[in-house]
Every structure is written in C-alpha cells, then in structure tokens.
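The model shown is predicted, which means the values in this text are computed figures rather than measured ones. Numbers restart at 1 for each chain; the letters A, B, ... are given by sequence-line order, proteins then strands.
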Amino acid sequence: MKRLKRILVLTLLLALPLLAVRVGETAPEFTGTDSNGKTHKLSDYRGKVVVLEWHNQGCPYTKKHYESGNMQSLQKEWTAKGVVWLSVISSAPGAQGYVTAAAENDYLKRMNAAPTAVLLDPDGNIGHLYAAKTTPHMYIVDPSGALVYNGAIDDHPSTDAGDIPSSKNYVSAALREVTAGKKVTEAATRPYGCSVKYKE
Amino acid sequence: MGIASFATPQARTDPPSTNVIQVTLVAERESIAPGHESWVGIRFQLAKGWHIYWINPGDSGDPPRVQWRLPPGFKAGPLQWPHPERLVTKYAVDYGYADEVMLLAPIRAPAKLAARNQVEFAATVKWVVCREVCLPGKTEVALSLPVTPRAASQPAGSFEDARKRVPERAPARWRARALAEQNEFVLAIEAGEPITSAVFFPLQPRQIENTAEQTASAQPRGIELRLRKSEQLLRPIARLQGVLVLPSGKSYLIDAPVTVAGNTTPTEQKSRKKS
C-alpha cells in the first residue's frame with residue numbers, strides 16, 4: 001500500500017509537466033521581464049493573439065530566419081495587425097546565447113527586429129513552463145488564452161536561408177486562421193533548431 | 001583538416017565546422033563492374049563531445065543531407081542509416097551519433113559502360129554538428145574507382161561493422177503491436193523468446209516524448225515497452241514505426257499497428273490480430 005502510494009506520488013510528479021502545454025488547453029500564465037526592464041504577464045494580453053518565439057541569436061537555425069529578414073518581416077506584419085510578439089531568451093548565464101539586456105537591445109536595433117518585447121528568462125522558468133525545446137520554437141496563444149499552436153516556424157528544418165522561399169510558414173498560416181477566428185489546421189509540428197541552453 | 005587540429009569551441013566564436021567533423025567518401029570494393037552494385041559509405045568522424053543526427057533527430061537538430069553527383073547511368077539507392085543512440089542532456093533527448101558513423105548507399109553501375117579507366121562518384125554533404133553549440137557545415141566529397149570487367153571481391157572490414165548497425169527487417173515470426181493508453185503507448189514485441197531489454201527509436205517525430213524514460217519489461221516470449229505519448233500528438237495514430245535496438249547491438253525495424261485501449265479492433269483493419 002505504501003509502495004502503491006509512493007508510485008502514485010511519483011506518477012503524479014512525472015505527469016505534472018505533461019499538463020502544461022497541450023494545444024487546445026489554457027496556455028500557462030507567466031510573468032517575465034523584458035530587455036527594457038518592463039514586466040509582462042501573459043494574462044495582460046487576454047483579448048489579443050500572442051506569439052512566443054524562443055530565441056538564441058548565435059544559433060544557426062535562428063540566424064537563418066534573422067539574417068534573411070524572415071523573422072523580422074513576420075514580426076512587423078503581425079504586430080501591425082495587433083498581434084503581441086514576445087521573443088523569449090532562456091539561455092542561462094555562461095551558456096551559449098545568453099545576453100544582457102543592453103546587448104539584446106543592441107542586437108534588436110542592428111537586426112531591425114520588431115518583436116513587441118524580448119523577455120529575458122535566464123533561469124529558464126518560462127522555457128520550462130512551455131517545455132520549449134529549440135530555438136526557434138514557436139507558440140501561439142489565442143484571445144481567450146488558449147494555446148493554439150506549438151511547433152516549428154516552417155516546414156524546412158535546415159539552417160539554409162535559401163530554403164525559406166519554398167517553405168510553408170506554419171506560424172503565418174496559424175496566425176491567419178486564428179486572427180480570422182478560425183481553428184488552426186496545423187496546430188502542432190515538430191519544432192526544429194538548436195536545443196535551448198537551459199541552466200543545468 | 002587533420003583530426004589533430006580540433007579546436008576547443010568557444011561560446012561566442014563559431015569555429016569552422018570542419019574542425020570538429022571530418023567527412024569522407026569511401027568505397028567497399030576496389031573496383032566497379034558494369035551492371036553491378038557497389039556500396040559506398042559517407043563516413044563522419046567527430047571530435048569528442050560533438051554529435052550529428054539520425055533521420056528522426058529527436059528534440060533538436062537535423063540529419064545530414066547527401067546530394068549525389070554520379071556519372072551518367074549510375075544510380076544511388078536510398079541511404080542506410082545505422083541505428084542511433086540516445087543523446088541525453090538534462091532537458092532534451094536527441095537521436096544521433098557521436099564519435100564516428102558511416103551512412104551506407106548502394107550505387108549501381110549501368111549494364112554497359114563505355115571503356116574508360118576510372119569513374120568518379122561525388123556528393124555534396126550538408127550537416128549540423130552540435131555540442132553546446134550547433135555548427136552547420138557543408139563539404140564536397142569524391143572518390144574514383146577503376147572499372148573492371150568483373151566485380152572485385154567483397155573485403156571484410158569497416159563496412160561490415162557499419163552494416164551491423166543498420167536495422168534489419170524484423171524476423172517473420174515476430175509480432176509487434178502497440179496499445180494506446182491515455183498517456184502512453186505500450187509496445188509489445190512477440191519474438192518467441194524473452195528479450196531482456198531494448199530501446200525504441202521512433203521513426204516519426206511527435207509520437208513519443210523523447211525525454212521520457214522507456215520502461216521495458218521482459219516477457220516470456222518477447223518484451224513490452226511503455227513509451228510516453230508526445231505532448232504534440234493531437235490525433236490518434238494508426239501505426240507506431242521505429243527501430244528496436246537490443247543489448248547485443250542488433251536492431252530491427254518495427255511496424256506496430258496501434259489499438260486504442262478498451263477497443264478490441266485495431267485502428268487499422270489490415271493489422272494482424274494474434275490471440
């Protein structure tokens with residue numbers, strides 16, 4: 001009986017992270033600080049569509065989408081339509097891709113990037129909450145706060161910017177549907193990229 | 001490009017990817033004959049700590065890509081991928097290769113070969129190699145072989161070792177079935193004899209949670225593996241396909257029809273039901 005109880009507790013513990021990020025369920029609430037020191041809560045944006053983009057400026061998969069200007073044009077297009085775009089950096093201090101707020105602001109300027117904000121998540125709290133696996137790894141939250149997309153930016157898992165023109169951009173497709181009040185057709189795909197450099 | 005020149009990777013400077021990986025094209029036989037098939041291998045040698053990826057790379061990364069450039073009439077068959085290993089970090093599990101791996105491909109020569117001394121096989125190979133950082137890379141590899149009227153004898157050696165790691169079709173007497181429970185797949189392999197332990201590598205991403213521990217239990221006539229379903233699996237699947245690696249290093253292709261727990265009929269009609 002005692003053993004059974006222990007197994008039950010263990011199972012529950014193991015099962016907990018499972019409940020976090022299923023498409024169709026409520027997206028986990030978080031509070032994060034951006035590169036300008038401003039606090040953002042996911043629930044602040046209830047009523048709006050929110051994009052979460054896991055980011056690492058040194059990762060070749062992320063570079064593919066920034067050096068080509070692909071990510072910036074998505075950011076501009078969709079924020080202009082009222083979508084909130086939060087880039088999240090979960091690299092730990094000392095790990096590859098970790099940046100200070102000042103360095104990130106320089107990068108944003110240099111790259112002409114246009115997210116609503118960049119959340120600095122050096123402890124990996126937001127990353128673990130969403131089980132973000134790669135950079136990039138993209139999530140979309142609908143106006144009711146439900147997670148409606150979890151996965152890759154597009155269907156070409158490569159580091160080659162030459163693949164972008166022939167790629168199907170899953171995020172664009174999902175945003176077109178969710179902003180039109182439709183159900184997202186392709187709601188989960190395999191994210192591709194570098195692993196997120198979490199604190200060990 | 002010597003192996004001795006491996007650079008220590010720094011977080012902020014990208015070392016050229018060729019310092020941590022060496023790619024070569026090798027042939028199994030010393031010559032090629034008209035109408036015959038000859039095996040070639042793309043060998044990746046990796047510096048310590050670095051890895052490349054399998055067809056299903058797991059939680060991150062991307063498998064290498066090979067684009068052949070062969071003389072007219074020569075045809076390359078599909079790449080044969082040795083079974084991968086689980087590359088485990090705290091928050092991610094990748095499926096790939098460390099140290100050294102050789103991808104194999106058969107190349108068939110045309111039945112009629114114009115008289116010439118040598119043929120050249122070449123390929124563009126692209127990869128992503130990762131340690132704490134990931135580095136994309138690309139190289140051109142080539143080899144030339146003399147054309148002989150008869151095929152050269154097949155030597156033993158590195159190709160045999162590589163071939164041993166390529167998954168085989170499961171023996172005809174084996175039966176594989178998967179039961180879909182709420183959070184897990186229970187993959188049952190009936191082999192006619194007990195299998196003490198095994199690791200399953202799914203061919204398709206987004207079916208099982210890569211980081212979840214696989215619980216294997218030996219059965220009198222096979223083995224049962226409990227595999228946690230992927231968070232990203234939103235629809236039921238008809239088949240669970242992958243590679244089963246045994247402690248001996250032997251590996252088999254598994255294609256298991258999936259039955260939903262509580263349902264007596266498999267989700268796919270064709271699947272064989274064994275009582």
Counting only pairs under 3.5 Å, give me each side-chain donor-acceptor contact of residues 196-205 of chain B, with atom names and distances, residues two or more places apart or in other chains.
none

Specify the closest pair of heavy atoms between B/R206 and A/T189, including all atoms of both residues, with the distance to one decimal. CD-C, 3.1 Å
For B/T211, is it the side chain, the backbone, both or neither that has a heavy atom under 4.5 Å from a heavy atom of chain A? side chain
CD (B/E181) with more than 12 external heavy atoms under 6.0 Å: yes
Which atoms form the tightest heavy-atom contact between A/R22 and B/N183, and what is the distance? NH2-OD1, 4.3 Å
Where A/N150 and B/Q232 come nearest, the two heavy atoms and their spacing: O-NE2, 2.9 Å
Under a 4.5 Å heavy-atom cut-off, does chain B meet the side chain of A/S158, its backbone, both or neither? both
Which residues in residues 100-120 of chain A have any heavy atom closer than 4.5 Å to a heavy atom of chain B? none
Interface residues of residues 192-200 of chain A facing chain B - non-hydrogen atoms under 4.5 Å apart: A/G193, A/C194, A/S195, A/K197, A/Y198, A/K199, A/E200
Interface residue of largest heavy-atom contact number with chain B, from A/P157, A/G151, A/G124, A/G24, under 4.5 Å: A/P157
Using every non-hydrogen atom in the two residues, find where B/P57 and A/R190 come nearest and quote the distance to one decimal. CG-NH2, 2.9 Å
Going through the distances and angles, do A/H128 and B/Y91 end up as a side-chain contact (heavy atoms from CB on, under 4.5 Å)? CA-CA 9 Å; A/H128 291 315; B/Y91 299 107; 3.3 Å; yes
Nearest 0.5 Å please: distance from the OG1 atom of A/T159 over to the CG atom of B/D62. 7.0 Å
Could you name the residues of residues 66-88 of chain A that have a heavy atom within less than 4.5 Å of a heavy atom in chain B? none
Distance-minimising heavy-atom pair for B/L234 and A/A187: CD1-CB, 4.0 Å
Please indicate whether B/Q67 has more than 12 foreign heavy atoms, meaning atoms of other residues, nucleotides or ligands, lying under 6.0 Å from its CD. no
Enclosure of B/Q182 CD (heavy-atom neighbours >12, cutoff 6.0 Å): no
Run the salt bridge (Lys or Arg N to Asp or Glu O under 4.0 Å) test on B/K126 and A/D160 for me, step by step, so that the C-alpha distance in whole Å, both residues' side-chain angles and the decisive distance to 0.1 Å come before the verdict. CA-CA 10 Å; B/K126 291 184 184 176; A/D160 189 350; 3.4 Å; yes
